[in-house]
Amino acid sequence: MERLNQKTKMTASIIACIALVVLLVLSYTNTGTTSMLRSVLQLGSIYALAAASMNLLNGFTGLFSLGHAGFMAIGAYTYAVLTIPVNKKANVYYLYGVADSLANVALPNWLGLIIGGIAAAIIAALIGAAVLRLKSDYFAIATLGLAEIVRICVASSPMARITNGSLGLKNIPGFTNIGFIPAYFVPFIVVAICLVIMFLLINCSYGRAFKAIREDEIAAEAMGINLARHKQMSFIISSFFAGIAGALLAMFLGAIQSTTFPLMLTYNILLIVVIGGMGSLSGSIISAFLVIAAKEWWLRFLDVEQYIGDWQVPLLRTGFRMVVFSVILMVVVLFWRQGIMGQKEFSWDGVYNFFRRLKTKFRGKNTKAAAEGGNANE
Amino acid sequence: MSNQNVLRVCDATMQFGGVVAVNNLNLEVNKGEIIGLIGPNGAGKTTAFNVITGVYAPTNGAVELNGERIVENHPQGKMRELYNGENLGKYNDVKVLTPDRITKLGVARTFQNIRLFKNLTVFDNVLIAKHMNMKGNIFSDVFRINRKEEDRMKAETLELLRILGLEEHKDDIATSLPYGKQRHLEIARALATKPSLLLLDEPAAGMNPQESDDLMKFVGRIRNDFDLSILMIEHHMQVIMGICDRIYVLDYGTLIAEGTPAEIQNNPKVIEAYLGVDE
Ligand SMILES: Nc1ncnc2c1ncn2[C@@H]1O[C@H](COP(=O)(O)OP(=O)(O)O)[C@@H](O)[C@H]1O
Ligand SMILES: [Mg+2]
């Protein structure tokens, strides 16, 4: 493996960052408010955060959790309940009425967002002590159950004056301009900040301790790592970011119900994590955008009946998109188990060596073909 | 070498259901000693290590470190009826420590089937062992408030790898090392926790005589360089004869002999225990 020098890498990073920002700005200036590209990018970034936070637990600490949708729901509902404008509450809670203590509460959306994350983290801390003792499969089942409990609680009648029961919440404040920065960029900024924190985490001593637990629990414990404490930390941090992702989703959608956070949501995020590579944050990010774009956009045509002359193309009708999508996922999981990135993170060395390998492979084929050609002539 | 006691295992019995894996084990390691623990396969050597390092709490008995009792237990619950060992009533306290706490008290170990952090680099494998003594908390760590601490840990790790001759491999993935080097790495990782007592579980397993010999020299060297006391399990008697100060022999969970290598070699009980099983 060859290495590039520090300066080249810095330059490459700066250029890449600028390019990314420019592309993002272009996606804003060259599209209308209803553009598919815009919503795919925004939703993609939210899923990137959700997938990265799940990866922190599943891929980096080796704790296979299926409770992600639950923590996203907690974040989303906390955000919504705390930020719906006072004058719109009567309209939202038209059936059950709003709890007295909430009647005059309408926090600024940035504060609601943070509290959404904290609420998810607190719930994780409370139940972590109990479920983290469980061995892997039982832990997965317990967290899965937890997510369902959250969903059912949210829709239950005792909570109706807070969560509006099964009617769900609407009029949830969306993204707003920050100074001169248009609202469109807000999710990207929030997600970028969260991802930077996660990258800092996985590269510090605590992050290494998490990886040690993933690699070998018994050895990690023998190296003085307190398993219970570190698993708890990882669970809380992962849930915090899941809560933030949930709150962002509420902002993006403007309206949520308990059915916005079904088990399917957890599975979708898990698939993003697997496709990106368990144990690679950059993999999760790349894969989130690809999966969301494919699912919401590129494969859309499969849902529309198409005619060639009089002949109707078979199979193309509503729902076929999801069939194709599932088949693609299955193929990826069967034949490409490491996902896009495996356990590696994006690095310029990696990119450089990838292209070098491609080049030698290509060259190799050419010389081989030439050699074979020569043989044939003899 | 002073005769200061580092480790004392007191009447430790470890019973799994009806199986008594370790029976009434008494064992001592004094400062600076290299002690051998030998016995046929299934004699209970690894189980004894697991009791000392907190993986299991003994069913009955105690463990003392530097004269302080760190672990003590007696049969409880169902085990009260199942227990068929000795010394009931002698150990009335219940003190149980998790392995990480015992490592923090200065006991480090290696494993019979190498347990490295497989997909991580050699450097990270050793660096992780520095985590437990890191100053600061997760916030100062994530936000790089305490860079000095990180630099210190990395410098110490590099130094250790240099001393142990693993520096050239530092960026290699742990499992890409040849088998013998993996054993060395596991020892390096244990040393990174700055132990006063090192437990080695069959470090020479799978090595040829030449490699075992080199490894034993290595063990002697680190004992001196790192000011250690060492307790070492070995399946083959020959390997550790030259290096051990004293040897304990386990058979079917019970201590059948202890003494200097010369005494052990000529002990008829030991010869009998080994004749049945050794190749
Ligand atoms: N966790 C356990 N549960 C049940 N039996 C065990 C357990 N650990 C060890 N044993 C039993 O204890 C005995 C001693 O095993 P071990 O300590 O690994 O032997 P050695 O290391 O001397 O080869 C074996 O009979 C083994 O089956
Ligand atoms: Mg053993």
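Residue numbers start from 1 in every chain, and the chains themselves are labelled A, B, ... in the order their sequence lines are given, proteins ahead of strands. Since the model is a prediction, treat every value here as computed from it, not as a measurement. Side-chain atoms are counted along with the backbone in the values below, which use heavy atoms only and exclude waters and symmetry mates.
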Tell me whether A:Arg133 at atom CZ has more than 12 heavy atoms from other residues, nucleotides or ligands lying less than 6.0 Å away. no
With chain A, the option among B:Asp171, B:Ile102, B:Asn133, B:Leu120 that has the most non-hydrogen atom pairs under 4.5 Å is B:Leu120
With chain A, the option among B:Glu186, B:Met132, B:Lys104 that has the most non-hydrogen atom pairs under 4.5 Å is B:Met132
For B:Lys118, which atoms come within 4.5 Å of any heavy atom of chain A: side chain, backbone, both, or neither? both
Determine whether a donor-acceptor pair (N or O, by modelled atom type, separation under 3.5 Å) exists between the side chain of A:Glu215 and the backbone of B:Asn119. yes
State whether the number of non-hydrogen atoms from other residues, nucleotides or ligands found under 6.0 Å of A:Gln338 atom CD is greater than 12. no
Which heavy atom in A:Ile225 sits nearest to a heavy atom in B:Asp100, and how many Å separate them? O-CB, 3.5 Å
Return the OG to NZ distance between A:Ser205 and B:Lys130, rounded to the nearest 0.5 Å. 11.0 Å
Using a 6.0 Å cut-off, check whether atom NZ of A:Lys9 has over 12 heavy atoms from anything other than its own residue. yes
So which part of B:Thr193 gets closer than 4.5 Å to some heavy atom of chain A, the side chain, the backbone, both or neither? side chain
One should read off an interatomic distance between A:Ile218 CD1 and B:Arg109 CZ, to the nearest 0.5 angstrom, of 8.5 Å
Please check: side-chain N/O of B:Arg101 versus main-chain N/O of A:Gly224, any donor-acceptor pairing under 3.5 Å? no
Tell me, yes or no, whether the heavy-atom count around A:Tyr138 atom OH, taken from other residues, nucleotides or ligands under 6.0 Å, exceeds 12. no
Would you call B:Glu150 and A:Arg208 a salt bridge, using N to O less than 4.0 angstrom? yes
Carefully, step by step, assess B:Arg189 and A:Met223 under the rule side chain to side chain contact (heavy atoms under 4.5 Å, CB included). CA-CA 8 Å; B:Arg189 191 179 65 173; A:Met223 290 303 113; 3.5 Å; yes
Is the closest side-chain heavy-atom distance between B:Phe117 and A:Asp216 below 4.5 Å? yes
When the 4.5 angstrom heavy-atom criterion is applied to A:Met233 and chain B, the contacting part is side chain
Taking B:Asp141 for the side chain and A:Cys204 for the main chain, is one N or O donor matched with an acceptor at less than 3.5 Å? no
Honestly, the part of A:Gln343 sitting under 4.5 Å from a heavy atom of chain B is side chain
Chain B contact via A:Ile197 - which portion, at a heavy-atom distance below 4.5 Å: both
Toward chain A, the part of B:Ala108 with a non-hydrogen atom under 4.5 Å: neither
Quick one: what part of A:Ala220 sits under 4.5 Å from any heavy atom of chain B, side chain, backbone, both or neither? both
How many angstroms lie between CZ in A:Arg229 and CD1 in B:Ile138, if you round to the nearest 0.5 Å? 8.5 Å
Heavy-atom pairs under 4.5 Å with chain A are the metric here; pick the option from B:Asn137, B:Leu116, B:Thr53 that has the most. B:Asn137
Tell me if a side-chain donor or acceptor on B:Thr103 pairs with a main-chain N or O of A:Ala222 at a distance below 3.5 Å. yes
